[in-house]
Amino acid sequence: MTKDNSSPSGRSGGATLRLILGDQLNQKHRWFDSVNDNVTYLMAEMRQETDYVKHHIQKVTAFFLAMRTFKEELSEKGHQFIYLKIGDTENPQDLAKIVEKYCDATSAERFEYQLPDEYRLDVQLKQIAKSLKIDTHAVDTEHFYTSRYELKDFFSGKKQLLMESFYRMMRKKHGIMVENGQPDGGKWNYDQSNRKKWKGTPEIPHERGFRKDVTDLLKEIEQAGVKTFGEIDPEKFNWPVSRADCLSVLNYFCKELLVHFGDYQDAMHTEEKYLFHSRLSFAMNAKIISPKEVIDKVLEQYHENKENIDISQVEGFVRQIVGWREYMRGIYWKEMPDYAKLNKLENQNPLPEFFWTGNTKMNCLKHAIGQSLTDAYAHHIQRLMVIGNFALLAQLHPDEVDQWYLGVYIDAIEWVEITNTRGMSQFADGGIVATKPYVSTANYINKMSDYCGSCHYKHTQKQGDNACPFNTLYWNFLDAKKEHFKDNQRMNMMMSLLDKKSASEMEYIREKSAEIIKNPDTF
């Protein structure tokens, strides 16, 4: 690492204060290419960030621990830091007050920040920069494959924002699994191969976990008055928070899990929480490692082991990161801030209490929500087709669903959470993200999991006390929202089946669904 005493503008002298947010932990950013005695980095644990929704204790712990680790590792390389812990008496707990205070304390002549990925922080930082009486400058985080508005520009003039066309563009632009503009293996998408149910084989290796003692940090969080929920083992915190940790998890995924990832990426099982998933989402969303690093490592593993790893395993993983992750961020910046208020289906019901306890007789929800509360984690199908499916069928208000998802998951940051939740899961955007609502009866859940086999309810039963609530709620939802779907061609077949149901069956469906929706915690 070189020593550079010039200012960011190239002039010598002049103190610069650079802000780093809790999800901007990118040690590979050009800011850190050289040490500059005139530059001070500012980081802060803030009640502003812990309190805008109620967060899982593991989420707060992970971000604080990752931030502290980031600061320590870069301090050891010679960079100067001001770091405010959550319980520090001199911590104003508000971003604007913190920036103003430490611009004055360091006699800064220039304030710089990396572009935030949440709309609320983007607005706040623009206001802060405008209020300062010194030069200000914003730079890219140097993390994503795309710029903020690349998706908006790509879809300019188009009626539908199809992820598949965006995904293909991304593959071609970045040379990912393509040759002469054509996809490796002859297909762009192997989704049809990625829907296997895991039945006990192949064997699932234990996750690359950790046993970090976070007892002291938990005391600090508690003493600061931060309100959280969920469970944590103070002596065995199990998430990667340093760059070395995250690279270790990435290497482990490539060597042990990638070989079966694609096949079972949608599978769910009562005895397996992680299956063949990477557990890298927090690492990437905090920017400890970049999507390009992850994709490059996965492709390296694939090319060196083509005799053992089928292309469908790799493409399924690449699609989630190069496709969905970048697509959801692009949708976020294209549609915010109005997106956060959308409720096109006009759902109004409150969140059931079992979302906070996991106490329900519906086994799929008991496992998916229970796991979310104990581990701050559930994979995408548990989030979409179990929890999100029920939330939409029960017509829960998207604001309440949003806040729960944003708080409960360790990787949840608004740019990725709200587009997946309010958009793909709850169809509250009316079809911006998804061309149809992702809802199903118990049949899909049984097809992709073993949840139904040990459930209080019978997944094949449509009426009676033992009938799965998903079966009744599904047809009730289609009936209740049929005006919204009358022009949706992808819903034609299901709406046609709805029309064929007898008056007596529909009467039962409506009455039973009303009972479930009114008293969800009794089911």
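A salt bridge is absent between E222 and K219; no separation between the charged side-chain nitrogens and carboxylate oxygens falls under 4.0 Å.
Atom CG of residue N26 and atom CD of residue E293 lie 8.0 Å apart, to the nearest 0.5 angstrom. Considering SG of C364 and CE of M268, their distance stands at 7.5 Å, rounded to 0.5 Å. With values rounded to the nearest 0.5 angstrom, S193 atom OG is found 10.5 Å from I311 atom CD1. Atom OG1 of residue T215 and atom CZ of residue F237 lie 12.0 Å apart, to the nearest 0.5 angstrom. Between the CD atom in E49 and the CZ atom in F63 there is a gap of 10.0 Å [rounded to 0.5 Å].
S147 and D140 share no donor-acceptor pair across their side chains, judged by distance under 3.5 Å alone. Judged purely by distance below 3.5 Å, without hydrogens or angles, the side chains of N189 and E164 pair a donor atom with an acceptor atom.
No donor-acceptor pair under 3.5 Å is formed between the side chain of K255 and the backbone N or O of Q301. Between the K481 side chain and the L345 main chain, a donor and an acceptor come within less than 3.5 Å of each other. Q382 places a side-chain N or O within donor-acceptor distance of the main-chain N or O of H379, the cut-off being under 3.5 Å. D310 places a side-chain N or O within donor-acceptor distance of the main-chain N or O of S312, the cut-off being under 3.5 Å. Panel note: side chain E272, backbone I204; no donor-acceptor pair is recorded below 3.5 Å. A donor-acceptor pair under 3.5 Å is formed between the side chain of T374 and the backbone N or O of Q371. Between the side chain of R422 and the backbone N or O of L342, at least one donor-acceptor pair lies under 3.5 Å. Between the side chain of N471 and the main chain of Q461, a donor-acceptor pair closer than 3.5 Å is present. Within the 3.5 Å criterion, the main-chain N or O of E315 finds no donor-acceptor partner in the side chain of Y302. Q58 places a side-chain N or O within donor-acceptor distance of the main-chain N or O of E231, the cut-off being under 3.5 Å.
Aromatic ring centroids of F317 and F253 lie under 6.0 Å apart. Annotation: F282 is not in aromatic contact with W239 [ring centroid separation under 6.0 Å not met].
No side-chain heavy atom of K447 sits less than 4.5 Å from a side-chain heavy atom of K197. Between F155 and I331 the shortest side-chain heavy-atom distance does not fall below 4.5 Å. M494 places none of its side-chain heavy atoms less than 4.5 Å from the side chain of F485. The closest side-chain heavy-atom distance from M385 to I445 is not below 4.5 Å. Contact of the H143 side chain with the Q114 side chain is not registered, since no non-hydrogen atoms from C-beta on lie closer than 4.5 Å. Using a 4.5 Å heavy-atom cutoff, the side chains of Y327 and T419 are not in contact. W404 places a side-chain heavy atom less than 4.5 Å from the side chain of Y409. In this structure, the side chains of I387 and Y405 come closer than 4.5 Å at one or more pairs of heavy atoms.
Relative orientation of the F166 and F154 rings is perpendicular, given thresholds of 30° and 60° on the angle between their planes. Ring-plane geometry between F261 and H277 is classed as perpendicular, the angle between the planes exceeding 60 degrees on a 0 to 90 degree scale with a lower cut at 30.
Here the shortest heavy-atom pairing between D399 and A340 reads OD1-O, 4.1 Å. Among all heavy-atom pairs drawn from N519 and T522, the shortest one is O-OG1, 2.8 Å. Nearest heavy-atom pair, I517 versus Q395, reported as atom, atom and distance to 0.1 Å: CD1-NE2, 4.2 Å. For D184 against E179, the heavy-atom pair with the smallest separation is OD1-N, 4.0 Å. When all heavy atoms of N194 and R319 are compared, the closest pair comes out as OD1-NH2, 2.9 Å. The heavy-atom pair separating Y190 from K187 by the smallest distance is CE1-O, 3.5 Å.
Results of the side chain to side chain contact (heavy atoms under 4.5 Å, CB included) test with K297 over L247, L258, N251, I289 single out N251 as the only residue that passes. When V241, N238, D233 are each tested for a side chain to side chain contact (heavy atoms under 4.5 Å, CB included) with K212, only one passes: V241. Checking each of Y451, Y264, Y274, W198 against H269 for a ring-ring contact (aromatic ring centres under 6.0 Å, His included) leaves exactly one that passes, namely W198.
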Using the rule given for side-chain contact (heavy atoms from CB on, under 4.5 Å), can you reason through H29 versus I20, listing the C-alpha separation, both sets of side-chain angles and the distance that settles it, and then say yes or no? CA-CA 11 Å; H29 196 280; I20 300 171; over 6 Å; no

Would D411 and R383 count as a salt bridge (charged side-chain N to carboxylate O under 4.0 Å, His left out) here? Give the steps. CA-CA 13 Å; D411 55 17; R383 299 188 199 193; 3.0 Å; yes

Check the pair E142, K292 against salt bridge (charged side-chain N to carboxylate O under 4.0 Å, His left out), reporting the backbone distance first and the verdict last. CA-CA 11 Å; E142 301 175 7; K292 187 176 188 304; over 6 Å; no

Does the pair N443 and T441 meet the rule for a side chain to side chain donor-acceptor pair (under 3.5 Å), with working shown? CA-CA 5 Å; N443 183 55; T441 62; 5.2 Å; no

Steps toward salt bridge (charged side-chain N to carboxylate O under 4.0 Å, His left out) verdict (E326, K173): CA-CA 13 Å; E326 299 283 337; K173 178 178 179 179; over 6 Å; no

Between M170 and I176, does a side-chain contact (heavy atoms from CB on, under 4.5 Å) hold up when you go through it step by step? CA-CA 8 Å; M170 291 287 289; I176 298 170; over 6 Å; no

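The cationic group of K436 lies under 6.0 Å from the six-membered ring centre of Y438 and within 45° of the ring axis, placing it in a cation-pi geometry.
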